[in-house]
Every structure is written in structure tokens, then in C-alpha cells.
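For reference, the structure is listed below as C-alpha cells.
Since the structure is predicted, the reported quantities are computational estimates derived from the model, not experimental observations. Numbering of ligands and ligand atoms starts at 1, following listing order.
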Amino acid sequence: MSGAIENLFHEDRQFPPSDDFRRAANAREEIYARAEADRLGFWAEEARKLVWRTPFQTILDDSDAPFYRWFTDGTLNVTESCLDRHLETHSAKIAFHWEGEPGDTRTLTYQELHDEVCRFANGLRSIGVGKGDTVAIYMGMVPEIVVAMLACARIGAAHSVVFGGFSADALRERIADATCTTVVTCDGAWRRGKVVPLKENVDAAIDGESPVERVVVVRRTENEVEWSDARDHWYHEVVADQPATCEAEEMGAEDLLYILYTSGSTGKPKGIAHSQGGYLTGVASTFRNVFDHRDEDIYWCTADCGWVTGHSYIVYGPLANRATSVIYEGTPDHPGQDRFWEVVARYGVTILYTAPTAIRTFMKWGTAHPARHDLSSLRLLGSVGEPINPEAWMWYHEHIGGSRCPIVDTWWQTETGAIMISPLPGVTTLKPGSATRPYPGIDAVIVDEEGNEVPPGGGGFLAVRSPWPSMLRTIHGDPERYREVYWSRFDGMYFPGDGCKSDEDGDFWLLGRVDDVMLVSGHNISTTEVESALVDHHAVAEAAVVGRTDPRTGQAIAAFVTLKGETRGDDGLIDELRGHVATKIGPIAKPASIVFTADLPKTRSGKIMRRLLRDISEQRQLGDVTTLANAEIVEAIRSGAASSSED
Ligand code: 7RM
């Protein structure tokens with residue numbers, strides 16, 4: 001992409017914070033000025049809210065940029081901030097309300113969670129795992145996945161969580177890259193009433209040459225599993241007879257806490273490396289301020305621990321703040337399409353954090369499902385993972401939040417570790433579709449191709465000018481790739497790969513991945529803006545657009561649209577939607593073709609895979625589909641695409 005991204009979509013709706021929020025919120029307006037005046041001092045103050053064994057003297061060591069190091073001379077064990085420190089006054093407070101997909105439930109108090117983590121930490125030590133090892137965790141959303149992560153942290157072993165929906169091959173590749181000597185898994189995971197055979201996948205992933213010496217298996221689905229006596233251990237046997245206390249390993253602030261793989265669009269997955277002190281500082285601070293967390297809240301993040309959202313905002317951020325969280329094991333449509341709303345009502349959830357892909361799916365399923373349940377406990381909503389289209393924001397606000405809850409649209413990445421751009425609910429005037437402003441202490445800007453800051457109202461690239469504590473430290477095993485991917489596009493700045501524009505107030509509007517930007521008759525048009533114009537139409541639940549080669553305009557816009565409820569698409573609606581985009585954002589953005597489809601190709605974490613839609617539009621062989629969640633939809637779209645209306 002060259003040249004600025006067009007600014008086409010205008011959204012005027014505004015939602016200032018209520019007086020209640022303004023008065024009671026954890027973070028007030030002054031926090032911005034404080035962080036602005038002394039960025040390092042601000043982060044040091046946030047870091048000092050954690051439990052340190054040795055307090056740090058150095059805040060930031062930038063002598064080997066871009067290999068920045070934070071709080072380098074401090075030592076700690078993150079589990080002491082997440083567990084031990086809460087026990088004296090809050091041992092009986094519930095850490096997790098867990099609900100299985102079949103409907104079984106468990107609760108874990110802070111004392112119980114601490115005890116279980118200690119037992120498993122001792123158990124891991126007893127079978128030979130220790131400081132410096134890397135443990136692969138390949139599990140469903142059972143309480144033991146959290147226990148396993150924290151038990152690793154307790155003994156100074158790094159974890160590498162691999163999403164339980166990934167294949168044996170994907171697991172094999174990640175185990176090899178991080179040289180994991182241990183795998184923690186389950187016999188199986190429940191998904192829509194069926195068993196996903198996790199242990200079987202592990203067996204396949206470590207068959208033949210493999211660094212794995214031991215496998216620990218949590219019993220969950222009780223399906224039959226193959227067993228190797230020399231290698232395999234039942235979790236319940238490993239923890240049996242272990243004491244409920246465990247001396248925590250003293251870690252340097254910069255020691256490795258975990259590796260988490262992100263697939264990226266091409267090439268081998270990148271093992272994003274996060275360290276201890278800076279990471280916990282970032283997630284603890286943002287959890288407290290962005291979600292305005294208070295002791296009486298019931299918080300539910302619907303992510304899976306296989307993604308960074310689960311690491312930062314199910315495990316480390318909430319536990320460091322002594323939160324009570326809900327974990328739900330299964331899918332939102334089992335047994336009915338109202339399962340989420342049943343869960344919100346049952347536990348009295350006050351803060352709900354979910355993804356635009358889920359919200360747009362709920363829009364498709366209709367308002368009757370949430371309307372049947374009492375959602376009045378909710379006080380704050382959050383969104384993460386993709387840009388949230390203004391109409392999806394409004395739907396979430398009205399039908400889930402009862403028009404009373406602020407929505408925090410949080411932009412961040414696996415690489416950033418913690419939320420980077422987001423409203424603060426007691427301070428920020430919300431605008432549907434805007435993540436608003438950088439978190440205090442985050443030096444994010446919008447720049448042009450030369451790296452010069454773009455004036456308000458312009459579009460360009462998102463960049464971060466200064467390091468921040470929860471940033472990735474490297475790509476595991478490939479420091480050169482780290483430098484190349486993130487630090488070479490703009491001199492001295494971190495480049496996340498997202499397009500962004502600002503408005504007259506200086507608020508940020510994320511425009512999607514820069515690789516997806518379309519070039520139509522010399523104009524750089526963001527996919528997000530055209531998609532939001534389509535979703536603005538009352539019949540549309542979800543839309544994806546891509547640029548397809550066109551002899552006249554360079555690229556032409558090809559749209560793929562999912563309709564709400566029972567609505568059927570026809571030529572009349574195609575004309576109407578093209579007209580709608582033209583009036584909403586201008587004729588230049590009018591899709592040349594529109595295909596109606598029951599679903600869009602998505603990654604396993606729910607992000608639209610535009611690359612596949614480009615392949616379909618160009619009638620090419622499909623590229624890499626290993627991270628595709630819903631393979632069947634591609635053929636359906638392919639046959640549909642042939643019969644779509646063209647300009
Ligand atoms: C947390 C997470 C990161 C990419 C990022 C963006 C996109 C995430 C938002 C968003 C617009 C948001 N980590 N993204 N949040 N785009 N608004 N609020 O998703 O590593 O899996 O993905 O996701 O493109 O670069 S991730």
C-alpha cells in the first residue's frame with residue numbers, strides 16, 4: 001500500500017460517560033496527564049502495585065533497542081501477585097465460577113485455586129519439570145487449564161498454550177519450535193455435545209521424533225485413550241498426595257513467562273515471547289482501569305485460553321486484581337442460541353468481554369434470544385479481536401447492554417500483551433466503531449508512509465513510538481525476524497500492521513490490516529469502512545470485502561454478505577446494498593459484486609480470513625487453510641460466487 005488510506009465513513013453518534021461512572025470509576029481524567037508528564041514514572045507506579053521479591057531500581061533498559069527490558073533488576077513470581085497476596089483477607093472469595101458445556105459446574109475460591117496450583121506445581125516438579133523448561137498446554141476450557149498455566153509460572157517453567165481446536169500437525173510444529181519436553185492435555189473436550197479427542201491428537205503430534213518426554217492428562221470427557229506407561233501420567237494421580245503449598249521460584253522480571261504462537265498471514269507461526277514483570281504490570285493495570293474492575297464485579301471474558309485474550313484477561317489480569325470470573329467451556333449455541341444470556345443471568349455477570357464475530361453472530365440469530373433473559377446485572381461491555389462495525393456496536397449497546405452500559409472497544413495484539421487503545425469508561429465519550437484513545441503510558445500515533453504523524457482527520461498506519469512494559473520481547477528463536485517484522489517499517493517505532501485514522505477530536509478508528517487495504521482507481525480504501533457501510537443496512541449482519549483485479553480500476557470491490565435471521569438475498573437487495581454503500585460513504589466504495597453467504601471464512605479465533613475470499617474472487621487455488629475454522633463455507637461461497645451479480 002502506498003498513499004494515505006481514505007477517510008470515508010463518518011459516524012456522529014456519541015455517548016459520554018454517565019455521572020455514576022464518572023464519579024465512581026477507578027480511572028479519572030487526571031490519569032492521562034499524569035502518564036503524559038512522566039511515562040516511565042507512571043509505569044513504575046503501576047508495577048509497584050504488584051508483589052516483588054526484590055524491588056526494581058531500573059524502570060527501562062533501552063541500551064539494546066528494540067530488545068527493550070523493563071524492571072530488569074527486580075525479581076518476583078507472578079503467582080504471588082495472582083494468588084498468595086489475596087489469601088490473608090480474601091481466601092474465600094470466588095476466583096472462578098466454571099460451567100461445563102453439558103451443564104456441570106464448579107467453583108474455585110482463591111484458597112482452592114492457590115492450593116490446586118501448588119499441588120500441580122509440586123506434581124510437575126515430581127515428574128521432572130522445572131525452571132527453564134517449556135510446557136505445551138493443549139486443553140479445553142476446564143479449570144485445570146488455568147491451573148496448568150499458573151503451576152508452570154509457579155515453578156519457573158514457561159508455558160506455550162496451543163488452542164485445543166488446532167490439529168495434531170499444528171501442535172507438532174509448535175512443540176518442536178519451542179522444544180517442549182512436557183505436554184499437559186485432556187482426554188477430550190466437549191464441543192456441541194461431541195468429544196474432541198485431544199489426547200489422540202497429542203499422541204499423533206509426538207509420534208516419531210519429538211522433544212516430548214512426558215504427557216499429563218486431565219480426565220474430562222472419559223473417552224478411551226491410548227496409554228504409554230513410560231510417558232503418560234493422569235493429572236489426578238500427579239496431584240494426589242501433593243501438599244497444598246509450594247515454594248515459588250524467584251524469577252527475574254525479564255525471564256520468559258510464556259510463548260504464544262500467532263499464525264500471521266504467511267510463513268511459519270511466530271512464537272511471541274512475553275516476560276514476567278512488565279507483562280503482569282500491563283495486564284493488571286489495564287484490567288483495573290479499562291474494565292473499571294471493583295471487588296463485587298462478576299466478570300466474564302468469553303475467549304479461550306488458547307488466545308492471548310485468555311492469557312491476559314482470563315488468567316493474569318483478573319487474578320492480579322482479585323476478580324471473580326466466569327468461565328464457560330462450550331460454544332454459544334449449545335444447547336440453544338441463548339446459552340450466553342443464560343450464563344449472564346445465572347451468575348449475575350456485571351462485565352462482559354467478547355468479540356465482534358460473536359456479536360455479529362448474535363445479530364444474525366435475532367434479538368429474541370437475549371430478550372428472554374434478565375441481563376440487568378450487566379454494567380460494562382467490552383469488545384476485542386476485530387474492528388467493531390458501528391451497527392454491531394449499537395446492537396450490542398441496545399440488546400445486550402440495555403442502552404445503559406458503556407462499551408470499551410479494546411485494540412491490542414498478541415504482541416502487545418495488553419490493551420493499547422481503548423476508552424476508559426469513566427472518562428471517555430464513546431463513539432460506535434472507535435477504540436478512541438491510547439491507554440495512559442502508551443505512545444501510539446498514526447503515521448504516513450514516511451513515518452510522519454498524520455494530522456487529525458487523516459488515515460495511515462498505526463505505530464507506537466515508545467516501548468511499553470507488556471510488549472513482546474522477541475520472536476522465540478528468531479530475534480532477526482522480530483526486528484524485521486515489527487521494527488523495520490518505521491525508524492525507531494513499533495509497527496503493528498494495522499491501518500488507522502483519527503477524527504477531529506483525535507480519536508482513533510482502526511481500519512483493519514494494511515495487507516487487506518484495497519486500491520481502487522488510485523484510492524486506498526479500507527475493508528473496515530466498506531464493511532461497516534454494508535452492516536449499516538438493516539438486513540445485513542456481517543460483511544467482508546476484498547479487492548479483486550480489475551482491468552479498469554486496478555482493483556474492484558468484491559463483497560460477501562451474511563443477512564440477519566431468515567432474510568433472503570436477491571438481485572433487488574444487491575442493488576439496494578450497492579446504493580446504500582454509495583450514499584453512506586461514496587460511489588468510489590460501491591462493491592462491484594455482492595455474494596450472499598450463510599457464513600464467512602474465519603480463523604479459529606473468529607477473525608474474517610479475507611485472503612481466502614481474495615483467492616475465491618480471483619478464481620485462484622486457495623492458499624494455506626490450516627488455520628481456517630469453517631472449511632465447508634469456502635466451497636459454498638465458491639459455487640455462489642460464480643452466479644453473483646456483476647457490474
Ligand atoms: C487481542 C487480539 C491482533 C489483531 C490486531 C487487529 C485486530 C484486535 C481490535 C482489532 C480493531 C479492535 N490479538 N484487532 N482488536 N482491530 N479493533 N478492538 O485480537 O493477535 O489475535 O490479533 O486483531 O488487526 O492487529 S491478536
Pairwise distance CD1(I145) to CD(E329) - rounded to 0.5 angstrom
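I145 CD1 to E329 CD: 11.0 Å, rounded to 0.5 Å.
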Can you tell me how far the CG atom of L150 sits from the CG atom of L319, to the nearest 0.5 Å?
6.0 Å
In the protein, which heavy atom is nearest to [atom], and how far is it?
| atom | result |
| --- | --- |
| atom 10 (C) of ligand 1 | W411 CD1, 3.5 Å |
| atom 11 (C) of ligand 1 | P387 N, 3.2 Å |
| atom 15 (N) of ligand 1 | G385 N, 3.1 Å |
| atom 3 (C) of ligand 1 | W412 O, 3.6 Å |
| atom 17 (N) of ligand 1 | E386 O, 3.4 Å |
| atom 6 (C) of ligand 1 | D498 OD2, 2.8 Å |

Centre of F461's six-membered ring, under 6.0 Å away, within 45 degrees of the axis: is that where NZ or CZ of R489 sits?
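Ring-cation test returns yes.
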Relative to ligand 1, is [X] under 4.0 angstrom through side chain, backbone, both or neither, heavy atoms considered?
| X | value |
| --- | --- |
| T414 | both |
| T309 | side chain |
| K607 | side chain |

Would you say S325's side chain and W300's backbone share a donor-acceptor pair under 3.5 angstrom?
no
Is a donor on one side and an acceptor on the other found under 3.5 Å between the side chain of E529 and the backbone of E531?
no
Knowing that exactly one of Y482, W468, Y68 qualifies, which makes a ring pair (Phe, Tyr, Trp, His ring centres under 6.0 Å) with Y494?
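Among the candidates, only W468 passes.
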Which of parallel (below 30°), tilted (30 to 60°) and perpendicular (above 60°) describes W395 and F362?
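W395 vs F362 ring planes: parallel.
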Close-contact set for ligand 1 against L510 heavy atoms, below 4.0 Å
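Near L510, the atoms of ligand 1 are 11 (C).
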Between T410 and ligand 1, does any nitrogen or oxygen pair lie at a separation below 3.5 Å?
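N/O-N/O distance below 3.5 Å exists for this pair.
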How far apart are the C-alpha atoms of Y279 and W70, what are their side-chain angles, what is the distance that settles it, and do they pass the ring-ring contact (aromatic ring centres under 6.0 Å, His included) test?
CA-CA 9 Å; Y279 174 77; W70 287 82; over 10 Å; no
